[in-house]
S.K.: 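Quick one: structure below, then a few questions.
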Amino acid sequence: MKYDELEIVSGSIYKTYFKFTFPNMIGLIAMSSVSLVDGYFVSRYVSSVALAAVNIIIPLITVVFGISIMLTIGAAVLIGKYLGERKEDKAAAVFTKVIITITVMSLFFTAYCFIFSENVSRLLGANDGIMVYAVPYLKMVSIFFLFQSLEYCLSVMIRTDGNPYLASTAVLFGAVLNFILDYIFIVHMNMGISGAALGTGLSFMASTFLILLHFFFKKGRLYLTCRIGKWKEIIYASYNGSSELLSEASVAVVAYLFNNIMVQRLGTYGVEAFTVINYALWAANMLCYAVGDSLVPLISINFGALKYTRIQKIISLSRISVIFIGLFVFALFTFIPEKIIATFLNPVSDKDAFDTALIFADYVKYAFLFIGLNIIFSSSFTAFQKPLHSVAVAVSRGLMLPVAFILIMPLFLGEKDIYAAVPLAEAVTTILGFILWRNTLVIKQVMGR
């Protein structure tokens, strides 16, 4: 198969970009909606304290998911490059090794978190009131770590293999199923927070099996093989995708810090307020990650095929997309923040948490203007196999700068430091990303500078 026969390297740039980005966006919106739907049902039909328990466990789930993203994105870059070079056997070997690695990793976390659920919940910051909900939620959700990880991995792989529509269809199916199961388990069967975790886990399982149809019916060029070669490619994939793990892990660390600070300063209602804002940040990140994830196969395959002009146009389109997303979410939190927060918190019965979330939203909304550009910087660096640059962006926005601002800003804003840390971190990271972008040799060559 010649390069020009591949749509990615020869088809209409706009058609190709939206063929990958739009289904990916639908898929990741669906994926992020799983958490939002859980939050809605838990807050409405269990309690706001149960909602806080979900948020306490989220940092752990984020780390497990982050390891899967690290392995998946790092492997996808190699696979995309091999497919662009017509080396399907090497691409299949990398695909097989990443599936094995993710399976082993997920089963380890499942066993550990299920057995030591109380210790893990306490370590994550749960107080006595939250522990009642956190432990059963963690036990149930940990059973399905494998399917959560494989759903993401396989959806990225079949996009790289040229079938983005099945990936999005499978994830969308899982999201709809999660809504139905949450309604059945929580509202009708009164299973409480365990019902939310069970519904989520079963939806991940269903999506995973649906995506596997692509490989069972041999719809593309990726397949499982016994000839996997040396494992050093997985080490390299982990290194190249490390920024994705650090990005997720940084989110987990910052969420952990915010949760603990909120508990200490404001009590349980502080965590409830932060949970709602965290959902908004998660949703905005997912929309922009959809664009960023699409860049990995589009850039890596075109890079392998030496199609530099196409890469320039694809990157321009991605920047326009995330800027539009950022402005849209910013407008929502500027004009109708009360309606968004009221979806999860009752303005009367949860008044303290509701008012705190409103204050938080008034600061955090500015972060949405920079989140997308930072994700594009990080994903592009990964696709160009510049992991250190990507790590610098990911760690700056997700860990170093937020923590630094949490420690420094009290000198200027007092108690408001907790609210200002996130938008300031995103703004400074955008400046850092631009500097790195302008001074990277391979990017200068590709961009024609």
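The structure presented is a predicted model; accordingly, all values stated were derived computationally and were not measured. Along the sequence shown, residues are numbered consecutively beginning with 1. No hydrogens, no waters, no symmetry mates; every other heavy atom, side chains included, goes into these values.
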S.K.: Any chance you could lay out the side-chain contact (heavy atoms from CB on, under 4.5 Å) test for Ile315 and Met447, step after step, and finish with the verdict?
M.R.: CA-CA 10 Å; Ile315 290 174; Met447 302 301 288; 4.0 Å; yes

S.K.: Can you name the closest pair of heavy atoms from Pro402 and Arg397 and give their distance?
M.R.: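 It is CG-O, 3.3 Å.
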
S.K.: A side-chain contact here means heavy atoms from C-beta on lying under 4.5 Å apart; do Tyr289 and Met286 qualify?
M.R.: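 Yes; the side chains approach each other to less than 4.5 Å.
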
S.K.: With heavy-atom distances below 4.5 Å as the criterion, would you say the side chains of Ile186 and Leu181 are in contact?
M.R.: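 Of all side-chain heavy-atom pairs linking Leu181 with Ile186, none is under 4.5 Å.
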
S.K.: Within a strict 4.5 Å, meaning less than it, do heavy atoms of the Thr101 and Trp231 side chains meet?
M.R.: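 The answer is yes; the side chains approach within 4.5 Å.
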
S.K.: Going from OH on Tyr363 to CG on Leu424, what distance comes out if it is rounded to the nearest 0.5 angstrom?
M.R.: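 The distance works out to 10.5 Å.
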
S.K.: Take the angle between the ring planes of Phe381 and Trp437 and call it parallel below 30°, perpendicular above 60°, tilted in between.
M.R.: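 Correct class here is tilted.
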
S.K.: For Ser294, give me all partners under side chain to side chain contact (heavy atoms under 4.5 Å, CB included), at least two apart in sequence or on another chain.
M.R.: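 Counting only residues at least two positions away or on another chain, Ser294 forms a side chain to side chain contact (heavy atoms under 4.5 Å, CB included) with Phe20, Thr21, Asn24.
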
S.K.: Verify, without hydrogens or angle tests, whether Arg122 (side chain) and Ala126 (backbone) share a donor-acceptor contact under 3.5 angstrom.
M.R.: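 Yes.
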
S.K.: Test the Lys139-Phe114 pair against the cation-pi criterion, namely NZ or CZ under 6.0 angstrom from the six-membered ring centroid and within 45° of the ring axis.
M.R.: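 Output yes; distance and angle both within limits.
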
S.K.: With sequence neighbours excluded, what pairs up with Lys19 under the side-chain hydrogen bond (donor to acceptor under 3.5 Å, both in side chains) test?
M.R.: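 Testing Lys19 for side-chain hydrogen bond (donor to acceptor under 3.5 Å, both in side chains), a comparison that skips the adjacent residues, returns Glu7.
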
S.K.: Would you compute the distance between atom CG of Leu177 and atom OG of Ser203 and round it to the nearest 0.5 angstrom?
M.R.: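 The OG atom of Ser203 is 6.0 Å from CG of Leu177, to the nearest 0.5 Å.
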
S.K.: So, for Leu146 and Ser106, which heavy atoms are closest and what is the spacing to 0.1 Å?
M.R.: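 Closest approach of Leu146 to Ser106: CA-CB, 3.5 Å.
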
S.K.: Using only heavy-atom distances, determine whether the side chains of Tyr137 and Ser121 contain a donor-acceptor pair under 3.5 Å.
M.R.: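 There is no such pair (donor and acceptor under 3.5 Å, judged by atom type) between the side chains of Tyr137 and Ser121.
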
S.K.: Sort out for me which residue in Leu436, Ile443, Thr440, Leu441 forms a side chain to side chain contact (heavy atoms under 4.5 Å, CB included) with Lys386.
M.R.: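 Single side chain to side chain contact (heavy atoms under 4.5 Å, CB included) partner of Lys386 among Leu436, Ile443, Thr440, Leu441: Thr440.
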
S.K.: Are more than 12 heavy atoms from other residues, nucleotides or ligands located less than 6.0 Å from atom CZ of Phe144?
M.R.: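 Above 12, so yes.
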
S.K.: Can you say whether the rings of Tyr152 and Phe65 are parallel (under 30°), tilted (30 to 60°) or perpendicular (over 60°)?
M.R.: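 Plane angle over 60°, so perpendicular.
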
S.K.: Hey, are Thr382 and Ser390 close enough side-chain-wise for a donor-acceptor pair under 3.5 Å?
M.R.: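 There is such a pair (donor and acceptor under 3.5 Å, judged by atom type) between the side chains of Ser390 and Thr382.
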
S.K.: Give the C-alpha distance, both sets of side-chain angles, the deciding distance and a yes or no for side-chain contact (heavy atoms from CB on, under 4.5 Å) between Leu401 and Leu432.
M.R.: CA-CA 11 Å; Leu401 291 176; Leu432 172 64; over 6 Å; no

S.K.: Report yes if some heavy atom in the side chain of Leu210 is under 4.5 Å from a heavy atom in the side chain of Leu213; otherwise report no.
M.R.: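 Yes, at least one pair of side-chain atoms sits under 4.5 Å.
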
S.K.: Rounded at 0.5 Å granularity, tell me how far CG in Asn374 sits from OG in Ser379.
M.R.: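 Going from the CG atom of Asn374 to the OG atom of Ser379 covers 10.5 Å.
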
S.K.: For this output row, return yes or no: ring centroids of Phe41 and Phe179 closer than 6.0 angstrom.
M.R.: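 Yes - the distance between ring centres of Phe41 and Phe179 falls below the 6.0 Å cut-off.
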
S.K.: Taking side chain to side chain contact (heavy atoms under 4.5 Å, CB included) as the criterion, tell me which of Ser149, Cys153, Ser238 meets it with Leu71.
M.R.: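 One option only clears the test, and that one is Ser238.
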
S.K.: Say you draw a straight line from CG of Leu298 to NZ of Lys313; how long is it, rounded to the nearest 0.5 Å?
M.R.: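 The CG atom of Leu298 sits 14.5 Å away from the NZ atom of Lys313.
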
S.K.: Can you list everything that forms a side chain to side chain contact (heavy atoms under 4.5 Å, CB included) with Ile180? Sequence neighbours excluded, please.
M.R.: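 Ile180 satisfies side chain to side chain contact (heavy atoms under 4.5 Å, CB included) with Val176, Ile184 only.
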
S.K.: Please test Gln148 against Ile61 for side-chain contact (heavy atoms from CB on, under 4.5 Å), starting from the C-alpha separation and ending with a verdict.
M.R.: CA-CA 10 Å; Gln148 179 187 11; Ile61 298 173; 3.5 Å; yes

S.K.: Is there a side-chain contact (heavy atoms from CB on, under 4.5 Å) between Phe328 and Leu332? Walk through the geometry before answering.
M.R.: CA-CA 6 Å; Phe328 176 74; Leu332 290 179; 3.7 Å; yes

S.K.: Taking atom types as modelled, is there a side-chain donor on Asp38 or Thr200 under 3.5 Å from an acceptor on the other?
M.R.: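 Thr200 and Asp38 do have a side-chain donor-acceptor pair below 3.5 Å.
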
S.K.: So is Lys365 actually on top of Phe330's ring, under 6.0 Å and inside 45° of the axis?
M.R.: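 Relative to the ring axis of Phe330, which defines the angle, Lys365 lies inside both limits.
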
S.K.: If every non-hydrogen atom of Phe173 is compared with every non-hydrogen atom of Ala206, which pair is closest and at what distance?
M.R.: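 Residues Phe173 and Ala206, closest heavy atoms: CE2-CB, 3.8 Å.
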
S.K.: May I ask you to test the Leu306-Tyr308 pair for a side-chain heavy-atom distance under 4.5 Å?
M.R.: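 In contact.
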
S.K.: Given 3.5 Å as the limit, does a donor-acceptor pair link the side chain of Asn285 with the main chain of Leu281, or not?
M.R.: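 Confirmed, Asn285 side chain pairs with Leu281 backbone.
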
S.K.: Parallel, tilted or perpendicular: which one describes the rings of Phe303 and Phe384, with boundaries at 30° and 60°?
M.R.: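 Perpendicular, since the angle between the ring planes exceeds 60°.
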
S.K.: Measure the shortest side-chain to side-chain distance between Ile56 and Tyr133 over non-hydrogen atoms and say whether it is less than 4.5 angstrom.
M.R.: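 A side-chain contact under 4.5 Å is absent here.
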
S.K.: Do Ser207 and Glu151 have a side chain donor and acceptor closer than 3.5 Å?
M.R.: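 Judged by distance alone, the side chains do pair up.
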
S.K.: Is any side-chain heavy atom of Phe147 less than 4.5 Å from a side-chain heavy atom of Phe209?
M.R.: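 SC-SC contact between Phe147 and Phe209 confirmed.
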
S.K.: Taking Leu150's backbone N and O only, do any of them form a donor-acceptor pair with Thr208's side chain (distance below 3.5 Å, no angle check)?
M.R.: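 No; judged by distance alone, with no hydrogens or angles, the pair does not exist.
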
S.K.: Restricting to non-hydrogen atoms, name the atom on Ser43 and the atom on Leu51 that form the minimum distance, rounded to 0.1 Å.
M.R.: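 Closest pair (atom of Ser43, atom of Leu51, distance): CB-CD2, 3.9 Å.
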
S.K.: Where do Ser321 and Tyr17 come nearest, in terms of heavy atoms and distance?
M.R.: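 Residues Ser321 and Tyr17, closest heavy atoms: OG-OH, 2.8 Å.
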
S.K.: For a ring pair (Phe, Tyr, Trp, His ring centres under 6.0 Å) check, start with the C-alpha distance between Tyr112 and Phe116, then their side-chain angles and the critical distance, and finish with the verdict.
M.R.: CA-CA 6 Å; Tyr112 186 86; Phe116 302 105; 5.0 Å; yes

S.K.: Between Gln312 and Val446 (side chain of the first, backbone of the second, donor and acceptor by atom type, cut-off under 3.5 Å), is there such a pair?
M.R.: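 Answer holds: yes.
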
S.K.: Can you check whether Arg227 reaches Asp89 side chain to side chain, under 4.5 Å on heavy atoms?
M.R.: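 Arg227 does not reach Asp89 side chain to side chain.
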
S.K.: If you look at every heavy atom in Cys288 and Ile371, which pair is closest and at what distance?
M.R.: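 Scanning both residues, the minimum pair turns out to be SG-CG2, 4.5 Å.
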
S.K.: Could you grab the distance from atom OG1 of Thr429 to atom CD1 of Ile375, nearest 0.5 Å is fine?
M.R.: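 Spacing of OG1 (Thr429) from CD1 (Ile375) equals 11.5 Å.
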
S.K.: To the nearest 0.5 Å, what is the distance between CZ on Phe377 and CD1 on Ile435?
M.R.: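 The CD1 atom of Ile435 is 10.0 Å from CZ of Phe377, to the nearest 0.5 Å.
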
S.K.: Please determine whether the number of non-hydrogen atoms from other residues, nucleotides or ligands lying under 6.0 Å from atom OH of Tyr366 exceeds 12.
M.R.: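 Counting other residues, nucleotides and ligands, OH of Tyr366 stays at 12 neighbours or fewer.
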
